[in-house]
Amino acid sequence: MANSISQYWVRLLINLIFSISHLATQDLMETQEEVKEEGVGYVVMRNLFSRETDFKMRTVKKSRETSLRESAERLSLSRKGPNLCLFFLHKMHEKEEFQKKMNPDSLTHPPEFIVKPRGQTVWEGKSVTLHCTVAGWPKPRVSWYKNNVLIDAKAHPEKYFTESQYNMHSLEIKNCSFSDTAEYRISALNVKGESSAFAPVIIKSEYFTFLKWISNLKLFLNNVLHALRIKLLCTDGSDLFDVSFGREGETMSLGCTVIVYPTVKRYQPEIVWYRNGVVLSPSKWVHMHWSGEQATLTLVHLNKEDEGLYTLRVNTKSGFDTHSAYVFVRDADVEEEGVPVAPLDVRCHDANKDYVVVTWKQPAVEGSSSIIGYFIDRLEVGTHHWTQCNDTPVKYARFPVTGLTEGRSYTFRVRALNNSGVSRPSRASDPVVAMDPSDRARLRAGPSAPWTGMIKFTEEDPTVGVVPGPPTDLAVTEATKSYVVLSWKPPIQRGHEGVMYYVEKCLVGTETWQRVNTGMPVKSPRFALFDLAEGKSYSFRVRSCNSAGVGEPSEETGATTVGDRLDLPSVPGPVIPIRNTDTSVVVCWGASKEVKNLVGYYIEVSINGSGVWVPCNNKPVKGTRFVCHGLNTGDKCVFRVKAVNAAGYSGSSAESEACIVQASIAVPSPPTGVTLLERVRDYMVLGWQAPTKTGGADIRGYYLDYRTVKDGVTSKWHEINLQTVTGTSYKVTDLKENVFYQFQVRAVNRAGISESSIPTVALECKEWTVAVPGPPHGLRVQEVRKDSMVLLWEPPTFSGRSPVTGYYVDYKEENGRWRCVQERSTKNTYMKLTGLQEGVSYRLRIHAKNVAGVGGPSKETDAILAETRPGTNEIVVDVDDDGVISLIFECSDLKEDSQFVWSKNYKAFTDTSRLTVQTSGVKSRAIFNDPSLEDLGIYSCVVTNTDGVSASYTLTEEGLKRLLDISRDHQFPIIPFKSEMTIELQEKGRVRLWAEVAKFTSNCQVEYVFNDNIIHEGKKYTMNFNKTTGITEMFMDSLEVTDEGTFTFNLVDGKATGRTSLVLIGEKFAELQKKSEFERAEWVRRQGPHFVEYLSFKVTPECDVHLKCKVGNIKPATEIAWFKDGIEIEEDDEDAKKIKKSDEISKKDAGVYEVKLKDERGKDKTLLNLTDAGRSHFVTGVCKILTTTLKVMSTEHGIILYSFVVHYIEDLHIGWLHKESKISHSDRVQCGVTGEQLWLKINEPTEKDKGKYAIDIFNGQGSVKRVLDLSGQGKSSGVPAQATLQYFYRARVVGGLPDVVAIQEGKSLNLTGNVWGDPVPEVSWVKNDKALLSDDHYTLKFEHGKFASITIAAVKTIDSGKYALLVKNKYGTEAAEFTVSVYIPEDEGEKRE
């Protein structure tokens, strides 16, 4: 009985131990608590049942007595039976507390589905729930997808419900319908990666129908999925995604539309993206999306690591399709000029407890000087501070980082250094954990299943401290002039404790060993030694240690010399550039012969002769061939290559030969549109269209093949012609009558022969008997623009029973119907179609016509898009300095074999004597040898080996005449004048003749001519030609009688001439001579006292009148005297000099006022006439000052327009105008003067009274007008529109109501008043000043905003009284009053009495 109980407790103990182990392990993998202390999670995994809760390693020395006592206690405890369970439960609690303090970074791992969701099938209308369990650290974030479309449960709570608890996740789909049948996916994502699980959900409606549908679907899918065809299209509808260029820090997306044929709904092919042949997975930097039709790859925050060849592969059961394109990532702008760009591709290797090796790749651009070295920075995960690992820059692109904290996670970055400064840091590496590699492997494997074997307990003495043995396999793995790296294996004898190591070095030739790490032993079996003397040789050994002591040293290494073991790569071989496309060149080079650990090559490009080198790639490439994209068409480029490994860069290779960036020559595309043009008993004539792509070279000809067809069976193809056919038609002879043939055509150029065209349908060889002509052939389109294009064709080979008399052109839009271009046929074999819509594609065809009728249509052209391509040039007409007229056409897209082909009326030139063609570079010039009417026509130019580059110019008779005039001007140029010859009088009566030349050179000469005689500078004439301003002038001191005639300036500037003349004869000369003499007299007058301003008057605002004049050149002795009518005015007679008030000015003040100046130098005088003739001017001046602006005011009866004058003068005549018409006086419109106010009164203004009003003050000779706008449209004369509206839009009763109404008692009274106002007024009725309300007795109405009515039913005597209709709006109020009198008939009154 005791034995069975003991066995029971033993089994219970075993199960409990492994249950604790499994739970503890699972908790370690799923813990999410963030720990700031030193992480030793992997130590916990290794020492799972350690009783210590402190993570620090410590050694406890126990005596043998203590060990025996603890052993006895454990044995006693094991015999206690049930108490053993409590012991292990306490143990489990300790482990849980222990795990809460672990560093989570040491246990990070990607998401893993412990329990995956299972597919389910449910009935329609039911709900279904998908469950799964996900493990991972940090805790993954999950998302649910339906057919790869994200499910937003919050947006559709009525349909979906998601729940996540304790790593268990569920998705509930409510009220399922058939549309919920789909493949559901759950995606779990954390920093370590992403994992997905799938579960199909099928909703069935009726069981048997569903089974039948499933059976048919399986059969259909089984047939369809193995016959699917895939086609990739770019997401923008054009070609597949092409070579792309980005810059560091930007975001780039690559996308394609995936077309699967036949279409299968809800079918998703497998989408795989590659970079340089390596499969890409979603990450922080790479996002993938599938929308059901489009596959998109998004590169977030581009870095140079993202550069490479990207490939999209779409897989189905029947096959796959792929497309590739290169992505280039340019460096971001440097913060400081001359510093290098950032390194790239930072990776971590050989991670151990306190040691890791960091590697990177050198950048393509070193900056203004060579890179001196690199700085390595580290960042502990969970912090934000970067720490520099090395004080001295390292030259190698590899560095061992030591001193890491065991159990912590780190990321690293690298910066490059040159003489100008430090570069930006590289992209950070992936996180790496400092831990023992064996523990790392065990953690990656995950927790194992509980063990179910047996445990055998034995009594042993406690293990005492064991000194570890010597490490083994010590070796020098790396040796550079900066550091030496040692590696070894742990000792075999090391006890149960962990071991650490001391490293010792010895200089060769001595016997002294020096311990390197005296302060702290290392934990990893790796160590990097720094600060060694370069060129010296050292030996190394390692000792193990633990709490028991330091062990024996390992075997020492051989002598190691401190220096670089890795040499720089040798210079790459010769570089050969090969033309590829308009923007790319293929570069090949010889591999470096002496190189170890090659990282790759950098290719650089430079425009020949510039000396500026630019990298073609920012990420090293491994091969010896690279396509350099992003070049400019037509540039002449040279290339060079340098190799790179961890030691650094090789020297640059020799420069390649110069290569022009342009498309390489390729075979042409196949001809199209092979049609039958004519057939007889033993021959057929075939026509076809030239290839759309010539391959960059001229089409040299065509080859034709034929085969016979009998009862649907075809024979082999046979060649028809051994010599190429140069045209696009050919007569195939020696055929058999009534035999069916098929034909195909191939094009040939310098690069080779194209693929065959599509074979024709089976054509029977028999004679045509139709009367109408056959179809035209050789259709081609050129000069395509956004609204026009030119169509050319060849006449039909078979013309019918009569010659061809014309052609009809049909066109249609891509999916439209055919329409004829012209109403009448054209005899030309070309036509320009105009009025097209930009961005619309058109197809064209031709009908030939003869007397018998219209023949069948030709083969239609391909769809042609109406657009003007960027860079399109037109033919330009030029007339050079020699008068030569020419047509110039320029093509920037010129290929090596391209030629300019000129034609007139779209036919090759037959008379070369009329036109000379000169071509130089990208320009071609067609020169008219002798322009005349024979040269009228359409001139076109086509550039071969281009994508349809062409243009035309129509030379008309009017245009030719204009060009000939320009040519004549260029042959015999005329010097233009900005100003023709002009005469000018100067001081003293001096005469200046001058003209201004518009365009001339420094060689221009002037000849001065008078009456056909050349004159020269002398006593009478002074000449000057200012070549800076272009002004030529001639001076004469005075004009004499002999100077009457014609003056001319003749200019000569090379072969250009110019002439300007001035005729001075007759009255013109006499008047000019008189003015000259006057100016001279004036000059003489100004030598003594004189009047600068003559006598005039001034009216002040106070209506004072001042007489004034201004004198000059006076002295104190100069006499100044005032006179009126010849009588001198005394100096104290103020009334005579100043007339104070205008109403005092009367006819007695009229007279002639005079002022005189006099001294020994001379005398002068001035007059002012204030008689009847001069007084009117004075009155006009007074009026301008006295009158004010015209204003308006409102009165009870209307409006008044008024203006004030300071003083009213009887001589003034006042007139009022309305709309420029004089206002007539009436009872409603009156005008007058009251004191100083001039007024116009308008009673009851109406709409007709709107408009502009003016007051005109007239004095007999002149007038002053003031205007006021009362139209209500704005402001005029200071009157706002709102005020104007008040006068015209106020509410009014305009009629309809009588003054008195007498009505018999018992009758009904109805009155209607017409109301006006804007806005519509408010209407109310009052009786005896009391408001009336509508009731059974009074009916009040207001209709259409115009008619206000009152109805009094069965009036009574009490209804008599004074009534009023009140109207009101925002502009005013008005009341229309009337009296109602109710009387009683006489007979009725008698009865009442």
Side-chain angles (χ1 to χ4, degrees), residues 243-248 303-309 326-334 337-345 360-371 397 416 418-420 423 568-593 595 598-645 647-662:
V243 176
S244 302
F245 296 88
R247 188 174 292 273
E248 285 185 312
N303 208 283
K304 288 179 287 191
E305 287 89 338
D306 298 321
E307 184 171 294
L309 181 66
Y326 210 92
V327 171
F328 292 87
V329 180
R330 303 302 189 198
D331 289 294
D333 295 334
V334 294
E337 188 69 25
V339 301
V341 299
L344 66 151
D345 203 14
W360 60 91
K361 292 178 181 178
Q362 295 90 336
V365 179
E366 296 185 81
S368 59
S369 61
S370 299
I371 292 178
N418 68 0
N419 294 331
S420 298
S423 72
L568 293 174
S570 61
V571 176
V575 180
I576 302 174
I578 304 171
R579 286 167 46 189
N580 187 37
T581 67
D582 288 338
T583 57
S584 65
V585 172
V586 177
V587 179
C588 302
W589 62 91
S592 298
K593 295 182 179 180
V595 61
L598 176 69
V599 174
Y601 297 93
Y602 282 119
I603 302 93
E604 296 178 315
V605 61
S606 173
I607 297 177
N608 193 21
S610 66
V612 178
W613 292 92
V614 179
C616 296
N617 59 317
N618 283 290
K619 185 176 181 181
V621 294
K622 286 278 190 178
T624 58
R625 181 183 182 276
F626 187 74
V627 182
C628 300
H629 289 273
L631 307 178
N632 295 323
T633 304
D635 284 352
K636 197 173 184 180
C637 299
V638 292
F639 299 86
R640 68 183 185 187
V641 182
K642 60 182 178 183
V644 62
N645 65 0
Y649 304 93
S650 72
S652 297
S653 66
E655 294 182 9
S656 68
E657 294 182 357
C659 177
I660 299 177
V661 182
Q662 60 185 21

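All of these numbers come straight from a predicted model, not from anything done at the bench.
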### Query
Given the rule in the side chain to side chain contact (heavy atoms under 4.5 Å, CB included) test, do Cys659 and Val585 qualify, once you have shown the distances and angles that lead to the verdict?
CA-CA 8 Å; Cys659 177; Val585 172; 4.2 Å; yes

### Task
Report the C-alpha separation of Val575 and Val587 in whole Å, then their side-chain angles, then the decisive distance to 0.1 Å, and conclude whether the side chain to side chain contact (heavy atoms under 4.5 Å, CB included) test is met.
CA-CA 7 Å; Val575 180; Val587 179; 3.4 Å; yes

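Contact between Ala658 and Val638 at its shortest, heavy atoms only, is CA-CG1, 3.8 Å. Taking every heavy atom of both residues into account, Pro363 and Lys304 meet most closely at CB-NZ, 4.0 Å. In plain terms, the two heavy atoms of Ser652 and Val571 that are nearest each other are O-CG1, 3.6 Å. Closest approach of Asn418 to Gly367, counting heavy atoms only: ND2-CA, 4.0 Å. Residues Ser423 and Pro340 come closest through the heavy atom pair CB-O, 2.9 Å.
Sorted by first and then second residue, the side chain to side chain donor-acceptor pair (under 3.5 Å) pairs with a member in residues 569-590 read Arg579-Glu896, Asn580-Ser584, Thr581-Ser584; sequence neighbours excluded. Residue pairs meeting the side chain to side chain donor-acceptor pair (under 3.5 Å) criterion with at least one partner in residues 360-371, sequence neighbours excluded, are Asp345-Lys361, Ser368-Ser420. Among residue pairs with one or both ends in residues 610-629, those qualifying as side chain to side chain donor-acceptor pair (under 3.5 Å) are Ser606-Ser610; sequence neighbours excluded.
When the ring pair (Phe, Tyr, Trp, His ring centres under 6.0 Å) test is applied to Tyr649, no partner is found at least two apart in sequence or on another chain. Taking Glu248 as the reference, Arg424 meet the salt bridge (charged side-chain N to carboxylate O under 4.0 Å, His left out) condition, with sequence neighbours excluded. Applying the side-chain contact (heavy atoms from CB on, under 4.5 Å) test to Ile576 and every residue at least two apart in sequence or in another chain returns Ile578.
Put simply, CD1 on Ile603 and OG on Ser656 are 11.5 Å apart, with the number rounded to the nearest 0.5 Å. Rounding to the nearest 0.5 Å gives a distance of 6.0 Å between SG of Cys637 and CD1 of Ile607. Interatomic distance, Ser653 OG to Arg640 CZ, rounded to the nearest 0.5 Å: 8.0 Å.
Each of Phe639, Tyr326, Tyr601 was scored for a ring pair (Phe, Tyr, Trp, His ring centres under 6.0 Å) with Phe626, with one residue passing: Tyr326.
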